[in-house]
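Reviewing the structure listed below.
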Number of protein chains: 2
Amino acid sequence: MDALTTILEHRSIRNFQLTSIDDTILNKILEAGTRASTTGNMQVYSIIVTKDPEKKKKLWEYHFKQNMVLQAPVILTFCADFHRFSQWCRQRNAEPGYDNFLSFYTASIDALLVSQNVALAAESFGLGICYLGTTTYMAHKLIEFFNLPDGVVPVTTIVLGYPAESPELTDRLPLKAVIHEEFYHQYTSEEIENLYFEKENLPLTSRLIEENQLDNLAQIFTQKRYTKKDNVTFTKIFLEVITKQGFMNND
Amino acid sequence: MDALTTILEHRSIRNFQLTSIDDTILNKILEAGTRASTTGNMQVYSIIVTKDPEKKKKLWEYHFKQNMVLQAPVILTFCADFHRFSQWCRQRNAEPGYDNFLSFYTASIDALLVSQNVALAAESFGLGICYLGTTTYMAHKLIEFFNLPDGVVPVTTIVLGYPAESPELTDRLPLKAVIHEEFYHQYTSEEIENLYFEKENLPLTSRLIEENQLDNLAQIFTQKRYTKKDNVTFTKIFLEVITKQGFMNND
């Protein structure tokens with residue numbers, strides 16, 4: 001299956017078979033991860049592999065007890081990591097200047113591009129994956145659990161295993177919703193209506209609105225799934241984490 | 001070519017043919033971008049397509065006058081974007097709570113996963129790409145240039161075109177340098193020596209050390225390529241940008 005087809009066939013998998021993943025295959029997938037471009041080829045990221053059932057159970061607790069974390073044979077936690085690089089610099093009489101927010105963001109970019117390579121490489125082996133957005137919310141717990149030193153912050157997680165389901169492709173906004181030609185195109189009210197029309201008229205959307213007893217899909221996002229209250233709480237936690245891990249010495 | 005091979009064959013391309021990219025192909029590549037997982041399927045990102053030669057020239061100036069920006073027929077600027085989503089919420093009597101740092105980071109993750117899909121999809125069509133790390137350094141200029149509203153921040157850029165070179169694969173640290181089993185493995189000094197040995201003994205490295213008249217590769221990073229001074233300067237700029245675009249109302 002060519003790369004384009006693998007990309008187009010992606011769906012998040014949340015139910016997995018018990019089958020474990022062969023180490024040779026896992027290593028090929030991780031190796032594929034490392035082929036992603038990174039800033040200056042510094043490779044300022046790390047990947048933590050969790051297979052041990054007891055440890056998966058702890059991760060399951062941190063990740064809001066989503067069942068897929070227990071089911072999947074492998075959990076990969078992707079970290080922004082300037083620790084290794086800075087240690088190398090110090091051993092070379094080179095003073096590292098990577099304890100600032102830009103460096104955190106640079107390392108985040110590295111880690112995230114690698115994670116998407118890993119996701120697609122895994123899918124090319126017939127595995128299924130799901131990203132866990134809870135990683136940034138629970139970063140403080142993960143740092144403690146994995147014993148992450150200065151300069152290391154978890155930024156995303158992928159659960160990995162052989163699919164026990166084959167869900168439909170999920171909907172996307174029309175391409176023109178996310179593409180701008182030459183300049184940012186400010187949306188008129190009517191354009192927003194049109195761009196969200198299909199999404200708002202899916203059977204899934206009607207079901208969610210009924211279940212949540214709300215007026216519309218947007219309210220499900222703002223009042224249930226991604227509320228201001230939660231965002232503010234997790235902002236505090238995540239900024240504290242970035243500071244504690246030594247990435248906010250900005251002068 | 002299967003997805004794994006496409007991933008393994010990636011090299012950054014910095015010299016391009018004059019050949020333009022057919023719109024049908026470009027649209028397929030962008031469509032492939034949109035198949036990436038995003039947080040809650042909110043798709044909180046935008047892609048700005050630059051083809052116009054005059055506008056490319058401006059981008060070339062912003063991106064430190066790297067020639068590839070002028071040469072490549074298409075420049076794609078990937079933005080974290082909660083503007084569109086929030087506008088939709090407001091039109092639905094749903095109060096968006098996405099003006100905080102966590103939301104900025106969430107939207108960054110979306111944009112970056114999409115960018116890597118785009119990179120690989122492009123490569124599956126025989127195109128070459130290069131990421132521009134200068135995007136975050138020059139975010140303030142790009143915001144002005146593209147006229148980006150509240151809730152939109154450029155986070156990375158890809159230049160895209162038919163390769164006029166076929167460079168060797170670049171080196172990577174051994175896989176074990178970036179992988180940790182179950183817990184974060186603190187590196188001993190000796191481990192660091194071993195993990196960086198191959199990189200430090202490449203002919204390219206010797207050449208760079210000679211050119212820069214420094215003692216070692218690490219010093220090239222800390223004293224020339226990614227200095228503390230630059231990181232601090234660009235941290236200030238980028239944090240101001242995030243604030244100005246309305247992502248730092250954290251309570």
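All chains are named by letter (A, B, ...) in the order of the sequence lines, taking the proteins before the strands, and each is independently numbered beginning at 1. This structure is a prediction, so every number in the text was calculated from the model and none was measured.
Proximity to chain A is limited to the side chain of B/Phe125, based on heavy atoms less than 4.5 angstrom apart. For B/Lys229, no part lies near chain A; criterion is any non-hydrogen pair under 4.5 Å. Neither the backbone nor the side chain of B/Glu9 comes within contact range of chain A; no heavy atoms are under 4.5 Å apart. Looking at A/Leu132, neither its backbone nor its side chain comes within 4.5 Å of chain B, counting heavy atoms on both sides. Only the side chain of A/Asn216 has a heavy atom closer than 4.5 Å to any heavy atom of chain B. Heavy atoms closer than 4.5 Å to chain B are found in the side chain of A/Asp99, but not in its backbone. For B/Ile29, no part lies under 4.5 angstrom from a heavy atom of chain A. Proximity to chain A (any heavy atom under 4.5 Å) is shown, for B/Asn27, by both the backbone and the side chain. When heavy atoms are compared at a cutoff of 4.5 Å, B/Phe238 approaches chain A solely by way of its side chain, counted from C-beta outward. Heavy-atom distances place both the backbone and the side chain of B/Ala36 under 4.5 Å from chain A. Neither the backbone nor the side chain of B/Ser86 comes within contact range of chain A; no heavy atoms are under 4.5 Å apart. With a 4.5 angstrom heavy-atom cutoff, A/Ser189 touches chain B via backbone and side-chain atoms both. For B/Leu217, the parts sitting under 4.5 Å from any heavy atom of chain A are the backbone and the side chain alike. When heavy atoms are compared at a cutoff of 4.5 Å, B/Tyr131 approaches chain A solely by way of its side chain, counted from C-beta outward. Neither the backbone nor the side chain of B/Val114 has a heavy atom closer than 4.5 Å to any heavy atom of chain A. A/Glu200 touches chain B through its side chain: at least one heavy atom from C-beta onward sits under 4.5 Å away, while N, CA, C and O do not. For A/Asn93, the parts sitting under 4.5 Å from any heavy atom of chain B are the backbone and the side chain alike. For a residue to count as touching a neighbouring chain, one of its non-hydrogen atoms must lie under 4.5 Å from one of that chain's; by this rule B/Ser12 touches chain A with the side chain only. Of the atoms belonging to A/Leu59, not a single heavy atom falls under 4.5 Å from chain B.
Taking every heavy atom of both residues into account, A/Thr222 and B/Cys89 meet most closely at CG2-SG, 3.7 Å. Looking at every heavy atom in both residues, B/Lys228 comes nearest to A/Gly97 through CB-CA, 3.7 Å. Nearest heavy atoms, A/Tyr187 versus B/Ser46: OH-OG, 4.0 Å. Heavy-atom minimum distance, A/Thr6 versus B/Ala3: OG1-CB, 3.5 Å. Closest approach of B/Leu113 and A/Ser115 over heavy atoms only: CD2-OG, 3.6 Å. Contact between A/Val232 and B/Asn250 at its shortest, heavy atoms only, is CG1-O, 3.5 Å.
The closest side-chain heavy-atom distance from A/Phe101 to B/Ile242 is below 4.5 Å. Counting heavy atoms from C-beta on, the side chains of A/Asn117 and B/His10 never come closer than 4.5 Å. Within the 4.5 Å cutoff, side-chain heavy atoms of A/Arg84 are placed close to those of B/Tyr196. Annotation: side chain of A/Tyr98 is in contact with side chain of B/Phe221 (closest heavy-atom distance under 4.5 Å).
Other residues, nucleotides and ligands place no more than 12 heavy atoms under 6.0 Å from the NZ atom of A/Lys28.
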Quiz prompt | Stepwise salt bridge (Lys or Arg N to Asp or Glu O under 4.0 Å) test for B/Asp251 and A/Lys236 | solution = CA-CA 9 Å; B/Asp251 45 42; A/Lys236 283 212 173 69; 5.6 Å; no
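B/Thr50 contributes atom OG1, which lies 5.5 Å from atom CD of A/Glu182 (distance to the nearest 0.5 angstrom).
Looking only at distances, a side-chain donor or acceptor of A/Arg172 sits under 3.5 Å from a matching main-chain atom of B/Arg35.
Of the listed residues (A/Glu95, A/His185, A/Glu193), the one with the most heavy-atom contacts under 4.5 Å to chain B is A/Glu193.
Below 4.5 Å, heavy atoms of chain A meet heavy atoms from B/Phe104, B/Tyr105, B/Ser108, B/Ile109, all part of residues 104-111 of chain B.
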